[in-house]
K.L.:
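This structure is in structure tokens; I'll ask about it shortly.
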Amino acid sequence: MRLSNLFFTTLRDDPADAEMPSHRLLLRAGYVRQLGAGIYSLLPLGFRVSKRVEQVIREELNAIGGQEMEMPVVHPADLWRETGRYDAIGPEMARFKDRGDRDMVLAMTHEEVVADLLRDIVRSYRQLPMVIYHFQTKFRDEPRSRGGLIRVREFVMKDSYSCDRDEAGLDVNYWAHHRAYTRIFERLGLPAIPVSSDVGMMGGSLAHEFMFLNPAGEDVLVLCEACGYAANRQVAPSTTAAPGPEDLLPMEEVHTPDATTIDALASFLGVPTSRTAKAFFVVAGDGRFIVAIVRGDHDVNETKLVNAVQAKGGIRPAQVEEILARGMQAGYGSPIGARDAVVVVDSLVAQSPNLVAGANKPGYHILNTNLGRDYQADLVADISNVREGDACPKCGGPVILRNGIEIGNIFKLGTKYTKALGAEYLGEDGERHPIVMGSYGIGLGRNVACIVEAHHDEKGIVWPAEVAPYPAHLVAIGANKDPRVTEVAEQLYAAAAAAGDARQILFDDRDDSPGVKFTDAELLGMPWLLTVSPRSLASGGVEVTERATGARSVRSIEHVTEFLEGRAATPA
RNA sequence: CGGGGCGUGGCGCAACGGUGGCGCACGUGCUUUGGGAGCACGAGGUUGUGGGUCCGAAUCCCACCGCCCCGACCA
């Protein structure tokens, strides 16, 4: 591709809205353009990268027996009503009516369609197991997009679905995907950490997320450097040791003016925060009022809380009036005297005697409160966040917390969707059984962005060879001084073009100064820069620069041609 | 949805009550070709939209729209 003809432009200045390196560089180098909040076009360069990422995924999924297909973006709402998700999912699903006034949705994912196909096609156990996948656009009307391509509303995702006779079969496919993902991210140049994760809206019994560590990541990971333990904080068990037994002391109300925070309370009373209890008020989507109690030195993990109370439709913070109506007082709250509220007590609180808790009246707390004696719990569960330095649940060593971006996930769905839609097969035993499903996703654009996050320097992008839009970037310098420059450059370009689309290279044939060409070449980030100039010709051929290292050498035209034609791994 | 910020040419910015400029990019010509070249000429804006205040609004006020950041939310 000749740069004089490529649909792109580079920007000298950073776009004001781009903060993450990947966002900044992909915009500046002309790979993507934004159309609206969380909606992007892929320009030819970006599209080529995306296609290369797609090909890596395709190869690895084919290698575990995946069959590629394609499912629609627009679905009849009735299909989603059958699984209950039409009502369960909120405004993030885009809904509209077609001309016949039928309710339609834009696909957020494709479990329903898969299960619908299964009930249509699968009759016998002999047709199982199998894995199908596709690359398809999803639309999720996220409340907030962010970070360039990291979190968008419209995106292409590879999603695969395993279909098995039983749990044992699902287990096999689940781990086959786990291994395939490991290979995919390795080939993409993405250091990925598989972590145990929450099953979220997908439902299911087991899930892993493949995480790319990045400060902009929206998930917090609990990692143990000693033993390799890795989990999303949403599922990492809290391990804080319970204090030793103590005699239960009598409750005593104390005046604690302006002590509306745990820190203020602890310093006012001169006690450690671990001797206090914190009340957290939320309302579940089903209307239940929940008061969650954790120790003052901990925070509530909302995902754990949602799971503990099985809150359909999630939770939202409670309003002050709602808290008062239940006999409690924000800032001085506790379950003591609470009414019409589901009391959820963190396991650690249940084991910590004589805690300071709110008196449910302004300016007062109560010393020596104890679960069971002074208030009752509807539920005792681990609902608190793991903290940096807490004991690893596996080996006991200190854990660290890191932010991560989810670049892939795998879910054991089980029979949730196939049961709802009646996707069954006739088993060897002559009985009907629901098909057992797994679902596995990788977002293409997010992966492209993460590759840039992992592979760039101050000058621009540094594509790993596996995903670079073109293997090399050819620059001709000083053509006016020596006609052989153009001649040789054209010869190299033609040799690459003749070797097929995958070998095609970028050729900067623009009438620009050397500085512009070199700067753009570095910004665009092809693995190899090939410079033809009077100087290079005088020293024997073509100057070859490796983008990643900056290492330069001069190689013969013949040698470089071997690379361009795919007969040598590198031109260096 | 809460908090904050920003909307001025393709990009980055200035002008902050008195007829909208600058840099880069863009077009033409000449010069220039190993690190974002030089000179000359030129094109490009109903200052996000609507209302209001004022003799006069890019500028002040209100509403709306859009975008970004933090939070809420989130396979």
Side-chain angles (χ1 to χ4, degrees), chain A residues 8-20 23-24 27-28 30 33-39 85 89-93 107-111 138-148 150-153 155 157-161 197-204 207-210 216 218-219 232 234 282 285 302-303 306 313-317 319 405-411 413 438-443 446 459-460 475-482 485-486 508 510-523 529 531-539 543 545 552:
Chain A
F8 92 128
T9 186
T10 56
L11 302 173
R12 187 178 291 207
D13 297 310
D14 286 333
D17 284 341
E19 299 202 337
M20 290 184 71
H23 190 198
R24 208 181 72 229
L27 282 171
R28 275 194 57 204
R33 280 295 182 273
Q34 181 170 7
L35 182 61
I39 305 178
R85 283 163 120 191
I89 295 174
E92 75 182 89
M93 182 154 71
M108 299 175 56
T109 173
H110 284 78
E111 283 78 15
K138 318 279 178 186
F139 185 82
R140 295 181 187 177
D141 197 357
E142 303 285 355
R144 190 187 150 207
S145 55
R146 70 186 89 191
I150 296 298
R151 183 171 199 76
V152 293
R153 297 193 296 167
F155 57 99
M157 176 167 142
K158 181 289 298 177
D159 40 327
S160 39
Y161 301 89
S197 68
D198 184 55
V199 293
M201 84 166 187
M202 306 296 299
H208 283 86
E209 292 164 336
F210 286 76
E218 301 174 88
D219 288 282
N232 194 307
Q234 295 170 339
V282 296
E302 298 189 19
T303 302
V306 166
I315 54 176
R316 63 163 174 85
Q319 314 279 336
I405 297 169
E406 183 185 346
I407 52 178
N409 63 34
I410 56 178
F411 281 93
L413 295 178
S439 118
Y440 316 88
I442 296 178
R446 181 180 283 189
K459 293 174 175 171
V475 170
I477 302 292
N480 58 331
K481 288 187 176 169
D482 183 346
V485 167
T486 304
D508 194 345
R510 297 174 300 177
D511 186 22
D512 269 309
S513 68
V516 171
K517 293 182 179 182
F518 288 134
T519 307
D520 274 352
E522 284 156 346
L523 179 60
L529 173 63
T531 309
V532 179
S533 67
R535 188 198 287 182
S536 79
L537 293 174
S539 43
E543 184 180 86
T545 309
R552 286 186 202 186

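Convention: sequence-line order gives letters A, B, ...; per-chain numbering from 1.
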K.L.:
Checking base pairs now: Watson-Crick or wobble, both atom distances under 3.5 Å. What partners B:G71?
P.N.:
B:C1
K.L.:
Check the distance between B:G71's P and A:E302's CD and give it to me in whole angstrom.
P.N.:
13 Å
K.L.:
So if I take every side-chain heavy atom of A:R552 and compare against B:C67, B:G34, B:C74, which nucleotide ends up nearest?
P.N.:
B:G34
K.L.:
Hey, are the side chains of A:E522 and A:T545 touching, using non-hydrogen atoms and a 4.5 Å cut-off?
P.N.:
no
K.L.:
Return yes if the base of B:G36 and the side-chain atoms of A:R28 contain a donor-acceptor N/O pair under 3.5 Å, otherwise no.
P.N.:
yes
K.L.:
Given atom CZ of A:R24 and atom P of B:C68, what is their separation to the nearest angstrom?
P.N.:
17 Å
K.L.:
Under 4.0 Å: is that the gap between some side-chain N or O of A:R146 and OP1 or OP2 of B:G71?
P.N.:
yes
K.L.:
Tell me the interatomic distance from A:D13, atom CG, to B:G10, atom P, rounded to whole angstroms.
P.N.:
15 Å
K.L.:
Compare side-chain N and O positions of A:R535 against OP1 and OP2 of B:G34 and report whether any pair is under 4.0 Å apart.
P.N.:
no
K.L.:
Rounded to whole Å, please give me the gap between CD1 in A:I477 and P in B:G35.
P.N.:
9 Å
K.L.:
Report the base-pairing partner of B:G9 (Watson-Crick or G-U wobble, both distances below 3.5 angstrom), or none.
P.N.:
none
K.L.:
Heavy atoms from C-beta onward define the side chain here; which of B:G12, B:U33, B:G36 lies closest to that of A:N480?
P.N.:
B:U33
K.L.:
When the distance from CD of A:E92 to P of B:C1 is rounded to whole Å, what number comes out?
P.N.:
15 Å
K.L.:
Looking at the side chain of A:V516, which of B:A37, B:C68, B:C11 is the nearest nucleotide?
P.N.:
B:A37
K.L.:
So what does A:T303 touch, heavy atoms closer than 4.0 Å: a base, only the sugar-phosphate, or nothing?
P.N.:
nothing
K.L.:
Closer to the 5' end of RNA chain B via nearest nucleotide, is it A:D17 or A:D219?
P.N.:
A:D17
K.L.:
Any strand is fair game: report the nucleotide pairing with B:C41 by Watson-Crick or G-U wobble, both distances under 3.5 Å, or none.
P.N.:
B:G27
K.L.:
Measuring only the C1' atom in each nucleotide, how far is B:C13 from B:G3? A whole number of Å is fine.
P.N.:
27 Å
K.L.:
To the closest 0.5 Å, what do you measure between CG (A:L537) and OG1 (A:T531)?
P.N.:
11.0 Å
K.L.:
Taking the C1' atom in each of B:C1 and B:C16, what is the distance between them to the nearest angstrom?
P.N.:
33 Å
K.L.:
In whole Å, what separates the C1' atom of B:A72 from that of B:G45?
P.N.:
39 Å
K.L.:
Hey, which of these two, A:I442 or A:P514, hits RNA chain B nearer its 5' end, going by closest nucleotide?
P.N.:
A:P514
K.L.:
Please give, in whole Å, the distance from B:C70 P to A:I150 CD1?
P.N.:
12 Å
K.L.:
Check whether any side-chain heavy atom of A:I477 sits under 4.5 Å from a side-chain heavy atom of A:E543, and report yes or no.
P.N.:
no
K.L.:
Establish, with yes or no, whether the OP1 or OP2 oxygen of B:C74 is under 4.0 angstrom from a side-chain nitrogen or oxygen of A:Q234.
P.N.:
no
K.L.:
I'd like to check A:R151 versus A:R446 (side-chain heavy atoms, cut-off strictly below 4.5 Å). Are they in contact?
P.N.:
yes
K.L.:
Starting the side chain at C-beta, find the nucleotide from B:G36, B:U33, B:C74 nearest to A:T10.
P.N.:
B:G36
K.L.:
Atom CZ of A:R12 and atom C1' of B:G36: how far apart are they, to the nearest Å?
P.N.:
4 Å
K.L.:
In whole angstroms, how far is the C1' atom of B:G36 from the CG atom of A:D14?
P.N.:
14 Å
K.L.:
Please determine, for B:C16, whether a Watson-Crick or G-U wobble partner exists with both distances under 3.5 Å, and give it or none.
P.N.:
none
K.L.:
Could you check which of B:C74, B:A72, B:G34 has an atom nearest any side-chain atom of A:K481?
P.N.:
B:G34
K.L.:
Got a donor-acceptor pair under 3.5 Å from the side chain of A:D512 to the base of B:G36?
P.N.:
no
K.L.:
What's the gap between B:A14 and B:G2 when it is taken at their C1' atoms, as a whole Å value?
P.N.:
33 Å
K.L.:
Are side-chain heavy atoms of A:R153 and A:E142 found at a separation under 4.5 Å?
P.N.:
yes
K.L.:
Under 4.0 angstrom, heavy atoms only, what part of the nucleic acid is A:K138 near: base, sugar-phosphate, or nothing?
P.N.:
nothing
K.L.:
What nucleic acid atoms does A:G147 come within less than 4.0 Å of, heavy atoms only: base, sugar-phosphate, or nothing?
P.N.:
sugar-phosphate
K.L.:
Rounded at 0.5 Å granularity, tell me how far CG in A:L413 sits from CD in A:E111.
P.N.:
5.5 Å
K.L.:
What is the nucleic acid contact for A:D159, judged by heavy atoms within less than 4.0 Å: base, sugar-phosphate only, or nothing?
P.N.:
nothing
K.L.:
With C1' as the reference atom in both, quote the distance from B:U8 to B:C54 in angstrom, rounded to an integer.
P.N.:
22 Å
K.L.:
Could you please name the partner base of B:U59, counting Watson-Crick and G-U wobble pairs only when both distances are under 3.5 Å?
P.N.:
none
K.L.:
Roughly how many Å apart are B:C39 and B:A57, using the C1' atom of each and rounding to a whole number?
P.N.:
40 Å
K.L.:
My understanding is that a pair needs two contacts under 3.5 Å, Watson-Crick or G-U wobble. By that rule, which nucleotide pairs with B:U32?
P.N.:
none
K.L.:
Is the shortest heavy-atom distance from the side chain of A:S439 to the side chain of A:D159 under 4.5 Å?
P.N.:
no
K.L.:
Working to the nearest 0.5 Å, report the span between CG of A:D14 and NE2 of A:H23.
P.N.:
11.0 Å
K.L.:
Hey, does A:E209 reach any base, or is it just sugar-phosphate, or nothing, if we go heavy atoms under 4.0 Å?
P.N.:
nothing
K.L.:
Using a 4.0 Å heavy-atom cut-off across all strands, classify A:Y440 as base, sugar-phosphate, or nothing.
P.N.:
nothing
K.L.:
Quick one: label A:N409 by what it contacts on the DNA or RNA (base, sugar-phosphate, nothing), any heavy atom closer than 4.0 Å.
P.N.:
base
K.L.:
For B:G17 and B:C41, measure between their P atoms and round to the nearest Å.
P.N.:
34 Å
K.L.:
Can you check the distance between B:U19 and B:G52, where both ends of the measurement are the P atom (answer in whole Å)?
P.N.:
23 Å
K.L.:
Using only side-chain N and O atoms of A:T519, determine if any of them is under 4.0 Å from OP1 or OP2 of B:G36.
P.N.:
no
K.L.:
Can you identify which nucleotide, out of B:C68, B:A37, B:G34, has its nearest atom closest to the A:S513 side chain?
P.N.:
B:A37
K.L.:
Find the distance between OG (A:S533) and CG (A:D482) and round it off to the nearest 0.5 Å.
P.N.:
9.0 Å
K.L.:
With side chains defined as the heavy atoms from C-beta onward, is the minimum distance between A:D520 and A:R510 less than 4.5 Å?
P.N.:
yes
K.L.:
Report which part of the nucleic acid A:S536 touches: base, sugar-phosphate, or nothing (heavy-atom distance under 4.0 Å, all strands).
P.N.:
base
K.L.:
Report yes if a donor N or O on one partner sits less than 3.5 Å from an acceptor N or O on the other, where the partners are the side chain of A:E522 and the base of B:G35; otherwise report no.
P.N.:
yes
K.L.:
For A:G36, answer base if it contacts any base atom (sugar-phosphate contacts may also be present), sugar-phosphate if it contacts only those atoms, and nothing otherwise; contact means non-hydrogen atoms under 4.0 Å.
P.N.:
sugar-phosphate
K.L.:
Looking at the base of B:G36, is there any donor atom on it, or on the side chain of A:R510, that sits under 3.5 Å from an acceptor on the other one?
P.N.:
no
K.L.:
How is A:P143 classified with respect to the nucleic acid when contacts are heavy atoms under 4.0 Å: base, sugar-phosphate, or nothing?
P.N.:
base
K.L.:
At less than 4.0 Å, is any side-chain N or O atom of A:K459 found next to OP1 or OP2 of B:G35? Yes or no.
P.N.:
no
